[in-house]
Amino acid sequence: MNKQESDILNTLLTEPYINQRVLAERAGHSLGVVNRTLKDLIKLGYIDEEIRPTEKAMEEYKEKTPNRAIILAAGFGMRMVPINTEMPKGLLEVNGEPLIERIIKQLHEVGITEIYVVVGFLKERYEYLIDEYGVELVVNADYATKNNLHSMKLVTKHMSNAYVIPCDIWCNNNPFHRHEMYSWYMVSDLVDDESDVRVNRKMELVSVPKSSAGNAMIGICYLAEKDAKVVVEKIEALSRKPRYDGVFWEEALYQKDRMIVAANVVHSANVVEINTYEQLRELDSDSNQLKTDAIHIICDALDAREEEITDITVLKKGMTNRSFLFSCKNKKYIMRIPGEGTDKLINRRQEASVYGVIDGKQICDDIAYINPKSGYKITEFLENARVCNPDNRDDVGKCMCRLREFHELGLKVDHEFDIFGQMEFYETLLEGTPSIYKDYTKTKEKVYSLKEYINTHVGEKVLTHVDAVPDNFLFIEKYGKEEIRLIDWEYAGMQDPHVDVAMFCIYSLYNKEQVDSLIDAYFVEGCPHEIRIKIYCYIAVCGLLWSNWCEYKRNLGVEFGEYSLRQYRYAKDYYKIVKEELEKCK
C-alpha cells in the first residue's frame, strides 16, 4: 500500500464509514483521491464492496501496531546554554511539566508502556522515571564523544514497531496513536535552513543541497517491523565506522537521496523542538529553568533585565569550560561557565588576581565580570577576531613576538605554577586508580630526572601564561591596527617564561623540526643551546603534566582523543631527545 491507501484504510479501521466526503475530511485527502483509493483497496482485498475492512486488513493492522518507544536523552544539549550546565534537556519544564514526562504520559494515553530512555549526561537525574513511570534506562557511556547514532545502537533490539523520540520535543497534541499503518518521520511545515530534507509531492522525504532549505526536522519517527530491520542493519554497519561517530541516527533512514519512511507533516505551532534558552523562553516565559545562576549573574553584572539578554549562542566547547555568546544592550559578550571538575583543577582566586595585574595593559580580553569563587566570567566579545594558525609561519612569528613582549614586562603575582607539584596533584585526583599507561611509573621516573637540569638553567621567574596555546592568541583589528590578545589565564602564575614556548609546541602537536622553528621565532637573536635543551625538558615535563590532566578528565567522562595520547608521547620522546643532546655536549 502507498501512503494514501494506508491513511484511508487506517481511518476505516478506526472510525465507522459514513460517506466519501466525511472519509476524505477525516483521512486528510481530497475527495478524488478517496474515490480512486477505495477502488484500489477493494482490488487489493483490504476492503469489501460495502467499504468494510477485510480479515487481510485486520491482520496488517495488528502487525503494524505500536508496541514500544525509545526516547533519546543522552546528549549534552550544548545549544541550551546556560541551562545545560545544570539540567539535562529532557527535564526542562514547560508549564510546570518536564518535557520527558509529557512525552511518557502521551505514550501511556495510547497504551504504550514499554519505554526505553537512553541516557548519558546527568543520567542520575532521570533515575526517578523508573519508579514513577516504569521506564527502562539504557546508559550510553559514549555520549560525550559520539552522536545519537550510538545511542540507537544500544537499543536496536527494541526498534521493531517502535516510536523513536528526542527528549527535547513539546507536542501540543498527542503525536502518538494506538495504530499505525506505515513507518514515518515527522517534519513540520516550517522552512528551516538547517534541515537535510524536504517533502515532495509524493509525501517522500528527499535530500536537499546544503545551501538549500527544507522542512524543519522534528525527529519523532515510527518504525514498523519491516523498515526497522533495514534501519537496524544500517545502524549496525555505520556504528562500526569511526567516521560516523559524529552523525545523527537519521543517517540510517536514508537510501541514496531519500528516506525509506514517509513524511508525517505537522503544523509548526503544534510541535516545538526546544534547542535554545530563547526557544524555551518563547514557549514558557515562566519556566523554572530560565532562572539560572548564569542569567542572574549577567543581569546583576550588566544591570540588565532578563529579556535584554538575547542571541544566546553556544561557542566551541573548550577543554576546560563551556562558553556562550550573548547580546545585551547592543553589545556582545562571552560568558564562561566552568566545566566538569574544574573546581579541583583551578584556583579561581589566583586567576582573578592575575586579571587584576594585567588589567588595562591591552594584553587580554576586556573583563566585564569575574567571580573569584565560582569561576564565572563575562568578557566583551572581540569582533572579527581569529585565533593563531600554528601552521602559518607569519602567525606564529607574530605570536612569539607578542609573547616575548609580555614576558619582558616582568609582571609579578603572589602564586607560582609548580609544574611538578601540579603533576602530583593530578595524580591524587585519580584517587588510587592506576594510570591507563602500562609504563607510566618508568616514564615518570625519566621525566623527573630532568628536574635537576631545569633547576640549574632557570632564569628569573615572571608571570607566565602557562596555557599559551594557539587557540588562546586572538588576532583583532582595533583602530585600523592589528593587535594580538592572550585569553584564558586560568593556569597563569610565576614560572620560567620559557614554559610558554613548550606549551605552544605540545598543544600544536609539533614535530621536532617545528619545535626548533618555534624556538627560533621566540629567540630572534638566537637561542643558547642550553636553553633549547631546557625547553626540550619542558616539553617532556609538560607532556606528562597534561597527560595526567587528560587522565583525570577522562575519568569524568571527557575524552580528548589524539591529544591525550600525543602528550604522553611528548614525555617519552623528548626525554630521549634531551639525553641525546646532553650526550653530544660531552
**Student:** Give me the ring orientation class for Tyr491 and Trp546: parallel if the planes are under 30° apart, tilted from 30 to 60°, perpendicular past 60°.
**Tutor:** perpendicular

**Student:** Of all heavy-atom pairs between Met494 and Glu416, which one has the smallest distance, and what is that distance?
**Tutor:** O-CG, 2.9 Å

**Student:** Assess the side chains of Ser508 and Gln514: does a donor N or O sit below 3.5 Å from an acceptor N or O?
**Tutor:** no

**Student:** Determine the minimum heavy-atom distance between Cys537 and Ile454, stating which atoms define it.
**Tutor:** CB-CG1, 3.7 Å

**Student:** Looking at Tyr426 and Ser547, would you say the former's side chain and the latter's main chain have a donor-acceptor pair under 3.5 Å?
**Tutor:** no

**Student:** Enumerate donor-acceptor pairs with a distance under 3.5 Å from any side-chain N or O in residues 147-154 to protein atoms, sequence neighbours excluded.
**Tutor:**
unit_1	atom_1	unit_2	atom_2	d
Asn147	ND2	Gly246	O	2.9
Asn148	OD1	Trp249	N	2.7
His150	NE2	Asp245	OD1	3.3
Ser151	OG	Asn140	ND2	3.0

**Student:** If we ignore hydrogens and angles and just use 3.5 Å, is the side chain of Arg554 paired with the main-chain N or O of Trp549 as donor and acceptor?
**Tutor:** no

**Student:** Short question: side chain of Asp496, backbone of Glu460 - any donor-acceptor pair under 3.5 Å?
**Tutor:** no

**Student:** Any side-chain heavy-atom pair from Val396 and Pro470 closer than 4.5 angstrom?
**Tutor:** no

**Student:** Asp414 and Arg349: salt bridge (charged side-chain N to carboxylate O under 4.0 Å, His left out), yes or no, with the steps?
**Tutor:** CA-CA 11 Å; Asp414 292 333; Arg349 294 189 185 280; over 6 Å; no

**Student:** Decide, yes or no, whether a salt bridge links Arg336 with Asp488 under the criterion of side-chain N to carboxylate O below 4.0 Å.
**Tutor:** no

**Student:** What do the steps show when you test Glu431 against Tyr552 for side-chain hydrogen bond (donor to acceptor under 3.5 Å, both in side chains), and what is the final call?
**Tutor:** CA-CA 10 Å; Glu431 297 177 340; Tyr552 168 62; over 6 Å; no

**Student:** Any donor-acceptor pair under 3.5 Å linking the side-chain atoms of Asp391 with those of Tyr510?
**Tutor:** no

**Student:** Which heavy atom in Ala540 sits nearest to a heavy atom in Tyr575, and how many Å separate them?
**Tutor:** CB-N, 3.9 Å

**Student:** Can you list every salt bridge (charged side-chain N to carboxylate O under 4.0 Å, His left out) pair that touches residues 560-571, not counting sequence neighbours?
**Tutor:** Glu562-Arg566, Arg569-Asp573

**Student:** Are Arg348 and Glu351 ion-paired here, with the side-chain N under 4.0 Å from a carboxylate O?
**Tutor:** yes

**Student:** Should Glu581 and Lys579 count as an ion pair when the cut-off is N to O under 4.0 Å?
**Tutor:** no

**Student:** Would you say the rings of Tyr563 and Tyr507 are close, in the sense that their centroids are separated by under 6.0 Å?
**Tutor:** yes

**Student:** Run the numbers on Tyr369 and Ile297 for side-chain contact (heavy atoms from CB on, under 4.5 Å), then give the verdict.
**Tutor:** CA-CA 9 Å; Tyr369 170 87; Ile297 288 168; 3.3 Å; yes

**Student:** Quick one: do Glu482 and Lys398 make a salt bridge, cutoff under 4.0 Å?
**Tutor:** yes

**Student:** May I ask you to check whether over 12 heavy atoms, not counting those of Glu513, lie within 6.0 Å of atom CD?
**Tutor:** no

**Student:** Quick one: is the NZ or CZ of Lys451 closer than 6.0 Å to the six-membered ring centre of Phe420, and within 45° of its axis?
**Tutor:** yes

**Student:** Side-chain contact, heavy-atom cut-off 4.5 Å: Ile378 with Ile298?
**Tutor:** yes

**Student:** Heavy-atom distance under 4.5 Å between the side chains of Val499 and Cys542, does that happen here?
**Tutor:** yes

**Student:** Taking the side chain as every heavy atom from C-beta outward, state whether Val247 and Leu238 have any pair of such atoms under 4.5 Å apart.
**Tutor:** no

**Student:** Can any side-chain N or O of Asn392 pair as donor or acceptor with the backbone N or O of Asp395 at less than 3.5 Å?
**Tutor:** yes

**Student:** Do Lys444 and Tyr437 have side-chain atoms, one donor and one acceptor, less than 3.5 Å apart?
**Tutor:** no

**Student:** Give a yes or no on whether a salt bridge exists between Arg532 and Asp516, defined as a side-chain N under 4.0 angstrom from a carboxylate O.
**Tutor:** yes

**Student:** Would Asp500 and His407 satisfy side-chain hydrogen bond (donor to acceptor under 3.5 Å, both in side chains), going step by step from the backbone distance to the final call?
**Tutor:** CA-CA 10 Å; Asp500 280 345; His407 291 155; 2.7 Å; yes

**Student:** What heavy-atom pair brings Val462 and Gly410 nearest, and what distance separates the two atoms?
**Tutor:** CG1-CA, 3.8 Å

**Student:** Establish, yes or no, whether a centroid distance under 6.0 Å links the rings of Phe523 and His498.
**Tutor:** yes

**Student:** Please confirm whether Phe406 and Trp489 have ring centers closer than 6.0 angstrom.
**Tutor:** yes

**Student:** Closest approach of Ile484 and Cys399, non-hydrogen atoms and distance?
**Tutor:** CD1-N, 4.1 Å

**Student:** Atom CD1 of Ile169 and atom CD1 of Ile71: how far apart are they, to the nearest 0.5 Å?
**Tutor:** 11.5 Å

**Student:** For the pair Phe121 and Tyr143, name the ring-plane relationship: parallel under 30°, tilted 30 to 60°, perpendicular over 60°.
**Tutor:** tilted

**Student:** Where do Val117 and Ala73 come nearest, in terms of heavy atoms and distance?
**Tutor:** CG1-CB, 4.0 Å

**Student:** Under a 4.0 Å threshold between the charged nitrogen and the carboxylate oxygen, would Lys377 count as salt-bridged to Glu490?
**Tutor:** no

**Student:** With a 4.5 Å cut-off on side-chain heavy atoms, are Asp366 and Thr379 touching?
**Tutor:** no

**Student:** Should Asp520 and Tyr522 be marked as a side-chain hydrogen bond (donor to acceptor under 3.5 Å, both in side chains) after you check the CA-CA gap, both sets of side-chain angles, and the distance that decides it?
**Tutor:** CA-CA 5 Å; Asp520 293 339; Tyr522 182 88; over 6 Å; no

**Student:** Under 4.0 Å between a side-chain nitrogen and a carboxylate oxygen: does that hold for Lys332 and Glu380?
**Tutor:** no

**Student:** Determine, for Glu408 against Arg404, whether the closest basic-nitrogen to carboxylate-oxygen distance falls under 4.0 angstrom.
**Tutor:** yes

**Student:** Taking the six-membered ring for Trp and the full ring for Phe, Tyr or His, determine whether the centres of Phe326 and Tyr333 are under 6.0 Å apart.
**Tutor:** yes

**Student:** For Tyr574, run the side-chain contact (heavy atoms from CB on, under 4.5 Å) check against Ile506, Leu544, Ile539 and tell me which one passes.
**Tutor:** Ile539

**Student:** Tell me, with the steps shown, if Glu551 and Ser564 meet side-chain hydrogen bond (donor to acceptor under 3.5 Å, both in side chains).
**Tutor:** CA-CA 8 Å; Glu551 284 209 56; Ser564 59; over 6 Å; no

